[in-house]
Amino acid sequence: MPELSRRRALTAAAALATTAGAAVVASDAAAAPDTQGTPGTPQAAGHEHGHHSPAPFDEVYKGRRIQGHPAAGGGHEHHGGGYAVFVDGAELHVMPNADGTWISVVSHYDPVPTPRAAARAAVDELQGARLVPFPAN
């Protein structure tokens, strides 16, 4: 029987780790239900991650009109992820984070799950003050 070398031990450990990682990914993919667009699911509620744009919204929150929809070109889409949010008609600069959360220029250090939540957090933070447009470069 050949003697176990450091190279063989490391190769075996790497193969074992790769196999275990692939098994975890495969089991997660098999266990995840396909709920894209089903009412009441996170995807339908605007919690999409990846390449999907959050669902549009238009509502009155604490007396302020908040709106959000996919941006249609011409804006700073590289910052806002192609999504525009407005508070009483003034644009609220929002940005998606790598983990799927969103931040705004008003509540930059408090990530929230959706652009709608970012708009609501901005209304809470403004405490009735008018949102002044942010001059994004």
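Numbers for residues simply follow the sequence, beginning at 1. What you see is a predicted model, and the numbers here were worked out from it, not measured in a lab.
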Asker: Are side-chain heavy atoms of Pro111 and Asn97 found at a separation under 4.5 Å?
Answerer: yes
Asker: Do you know which of Arg116, Arg64, Gln67, Arg65 makes side-chain hydrogen bond (donor to acceptor under 3.5 Å, both in side chains) with Glu59?
Answerer: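 Exactly one option meets the side-chain hydrogen bond (donor to acceptor under 3.5 Å, both in side chains) with Glu59, and it is Arg116.
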Asker: In the single-linkage hydrophobic clustering (I, L, V, M, F, W, Y; side-chain heavy atoms under 4.5 Å), do Val94 and Phe86 co-cluster?
Answerer: no
Asker: Could you report the tightest heavy-atom contact between Ala119 and Val85, atom names first, then the distance?
Answerer: CB-CG1, 3.7 Å
Asker: Mind checking the CD-CG spacing from Glu125 to Leu131? Nearest 0.5 Å is all I need.
Answerer: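 Here the rounded value is 12.0 Å.
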Asker: Mind checking whether Val106 and Leu92 have side chains closer than 4.5 Å, heavy atoms only?
Answerer: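 When only atoms from C-beta onward are counted, Leu92 and Val106 do touch, with a gap below 4.5 Å.
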Asker: Specify the closest pair of heavy atoms between Tyr83 and Pro115, including all atoms of both residues, with the distance to one decimal.
Answerer: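 In terms of heavy atoms, the two residues are closest at CE2-CB, 3.5 Å.
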Asker: First locate atom CD1 of Ile66, then atom CZ of Arg120, and finally report the distance between them rounded to the nearest 0.5 Å.
Answerer: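 Here the rounded value is 5.5 Å.
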Asker: Under a 4.0 Å threshold between the charged nitrogen and the carboxylate oxygen, would Asp124 count as salt-bridged to Lys62?
Answerer: yes
